[in-house]
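All figures in this text were calculated on a predicted structure; none of them were measured in a lab.
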Protein chains: 2
Amino acid sequence: MPKQAESGGHRAAPVHTDPAEVSLLTALSAVADPVRIQLIRELAGSAAWTRSCGSFDVPVGKAALSHHFTVLRGAGLVEQRDEGPRRVNRLRREEFDARFPGLLALVLGDVAVD
Amino acid sequence: MPKQAESGGHRAAPVHTDPAEVSLLTALSAVADPVRIQLIRELAGSAAWTRSCGSFDVPVGKAALSHHFTVLRGAGLVEQRDEGPRRVNRLRREEFDARFPGLLALVLGDVAVD
DNA sequence: CCGAGTGTTCGATGAACATCTTACAGTCTC
DNA sequence: GAGACTGTAAGATGTTCATCGAACACTCGG
């Protein structure tokens, strides 16, 4: 019997921050990092809830990656949910754009990061 | 005879960066700082070339202030010119906005910084 | 020419922060 | 239950960066 992967597991649920309560400095700092920009861009190119944390092509280890997702959650940029052993992600496009209009569009633009 | 304050003094001219050549990361990092945000906001509230570097109400010493202006110049956000003993500033609104649309508007918005 | 005012540079300090390694806690399959 | 896989937590390390104090350079007014 394949147990249905549900989000209410025993694991500690990820702590989310409402974009409406995020300060300008927190948002800008979260976005002013090359690894996080890459995460946001890859995430924007995939459907919601289809990418697990480990599925991103970034040049850092698991621990650092986990840290970056914590920062993104704290800035109201990413929502996470547990699906069995993995933690899948969603970019909070509308909500974040309502709070900081244009910022996400800027990060997702064609401009070279570095 | 009151010598006319001119910009071609003997002092080393400030090094400017064209906003068109600024990377996304440089722009975001420059703007992700509380002191620099305050400088930008005060500068936006004054006419061009009317504010000298020392005329800003920020809680840092001269040395740090000079550093922050160097960063702002490097990000293509501020243009400087020497007028006698002081160095006066101008916010490069149009140029910077052409390169990073919406970013300046976000920084100048009503949102609380911290 | 001296002194006050303005801003930069240098060296040092301290605080964040990004990163890694290791260890641990879940989940799933066999 | 054993083992593979995924992600988090804790501790250590190194770097970046904001800041300061002091010294220096330049401008202007007596």
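- Judged as a side-chain hydrogen bond (donor to acceptor under 3.5 Å, both in side chains), and not counting sequence neighbours, the contacts of B/Arg73 are B/Gln80.
- Atom pair B/Arg86:CZ and C/dT8:C1' shows a separation of 17 Å (rounding to whole Å applied).
- For the ring-ring contact (aromatic ring centres under 6.0 Å, His included) condition, no pair includes a residue of residues 20-48 of chain A, sequence neighbours left out.
- Under the side-chain hydrogen bond (donor to acceptor under 3.5 Å, both in side chains) criterion, B/His68 pairs with B/Arg36, sequence neighbours left out.
- Nearest to the side chain of B/Cys53, among C/dG5, C/dG7, D/dT8, sits C/dG7.
- Judged as a salt bridge (charged side-chain N to carboxylate O under 4.0 Å, His left out), not a single pair has a partner in residues 98-114 of chain B (not counting sequence neighbours).
- Contacts of residues 26-49 of chain A with DNA chain D (heavy atom under 4.0 Å): none.
- Applying the 4.0 Å criterion to OP1 and OP2 of C/dT6, one finds that B/Ser52 has every side-chain N and O outside that range.
- Less than 4.0 Å separates DNA chain C from at least one heavy atom of each of the following residues of residues 54-71 of chain B: B/Gly54, B/Lys62, B/Ala63, B/Ser66.
- A rotation axis mapping the C1' atoms of four pairs onto the next four is fitted at both ends of the helix from C/dC1-D/dG30 to C/dC30-D/dG1 over five pairs, and the angle between these axes is 20° to 10 degrees.
- A salt bridge is defined here as a Lys NZ or Arg NE, NH1 or NH2 lying under 4.0 Å from an Asp or Glu carboxylate O, and B/Glu83 with B/Arg81 meets this definition.
- Sequence neighbours left out, the pairs with a member in residues 87-114 of chain A that pass ring-ring contact (aromatic ring centres under 6.0 Å, His included) are A/Phe96-A/Phe100.
- One interatomic measurement links the two molecules: CD of B/Gln80 to P of C/dT8, which rounds to 6 Å at whole-angstrom precision.
- A ring-ring contact (aromatic ring centres under 6.0 Å, His included) check over residues 12-32 of chain B, counting only residues at least two apart or in different chains, returns nothing.
- Between B/Arg87 and C/dT8 there is a side-chain polar atom (N or O) within less than 4.0 angstrom of OP1 or OP2.
- Contacts of B/Arg86 classified as salt bridge (charged side-chain N to carboxylate O under 4.0 Å, His left out), with partners at least two apart in sequence or in another chain: none.
- Rounded to an integer number of Å, the gap from A/Arg81 CZ to D/dG7 C1' is 17 Å.
- Here the CG-OG distance, from B/Asn89 to B/Ser52, works out to 7.5 Å after rounding to the nearest 0.5 Å.
- Here ring-ring contact (aromatic ring centres under 6.0 Å, His included) pairs that include residues 27-54 of chain A, with residues two or more places apart or in two chains, number zero.
- Taking the side-chain hydrogen bond (donor to acceptor under 3.5 Å, both in side chains) definition, one finds that B/Ser66 meets it with nothing, sequence neighbours left out.
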